[in-house]
Amino acid sequence: MGLFDFLKSDKKKHEAAEKAAATASADYAAKYADAVSATKAAAERMAAAAPPKPAPAPPKPAPAPPKAAPVPPKAAAAAGHPHHTPTPMSAAHKAVPAAPAGGPPRAAAKRAYTVRAGDSLSSIARRELGNEARWRELYAMNRGVIGSNPELIHPGQVLTLPH
């Protein structure tokens, strides 16, 4: 078998494969078309067998908002709003939450520490907070008093202690 014979046989194999692919493609298209038409037919049968849907009811009109009672001009002026009559859409009629019973909230008692000679933030944190690693927290709370250098504190400075 020569080189040309080999190429001819290869060409025949290639043509046969293309023909088989074309046939398979045509079979697929036919099956797809059959499936589409079967689905449409089934949908039409189901729609015909279903009871008709009732027409949607028209929406009910919203109830009219209550009318505000007119305030006589003298009473309005006495109440502190001389030219305004509250309406349902104004903010004047809305409830304002009452203040909590017991008066205003008390501020938590802040602890303070006055720096003594020989103190450092870590020694203060160890003695007052129980952990010398909390010196950073102490510095963060008192940066305005201490300044930009946490290693430089002066006797007499009053530091606020965290809880």
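Reckoned from all heavy atoms, side chains included, excluding hydrogens, waters and symmetry mates.
In plain terms, the two heavy atoms of Pro162 and Leu129 that are nearest each other are O-CD2, 3.5 Å. The two residues Trp135 and Pro150 make their nearest non-hydrogen contact at CZ3-CB, 3.8 Å.
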Going by atom type alone, with no hydrogens or angles, which donor-acceptor pairs under 3.5 Å involve a side-chain atom of residues 153-161 and a protein atom two or more places apart or on another chain?
| residue | atom | partner | partner atom | Å |
| --- | --- | --- | --- | --- |
| Gln157 | OE1 | His154 | N | 3.0 |
| Gln157 | NE2 | Val145 | O | 3.3 |

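With sequence neighbours excluded, the residues forming a side chain to side chain donor-acceptor pair (under 3.5 Å) with Ser120 are Ser122, Ser123, listed by chain and number. Under the rule for a side chain to side chain donor-acceptor pair (under 3.5 Å), the partners of Asp119 that lie at least two apart in sequence or sit in another chain are Tyr113, Arg127. Partners of Glu132 according to the side chain to side chain donor-acceptor pair (under 3.5 Å) rule, which considers only residues two or more places apart in sequence or in another chain, are Arg126. In this structure Glu15 satisfies the side chain to side chain donor-acceptor pair (under 3.5 Å) test with no other residue, sequence neighbours excluded.
Evaluation of the salt bridge (charged side-chain N to carboxylate O under 4.0 Å, His left out) test over residues 136-162, restricted to residues two or more places apart or in two chains, returns Arg134-Glu137.
Leu121 is not listed as a side-chain neighbour of Asn142, based on a closest heavy-atom distance of 4.5 Å or more.
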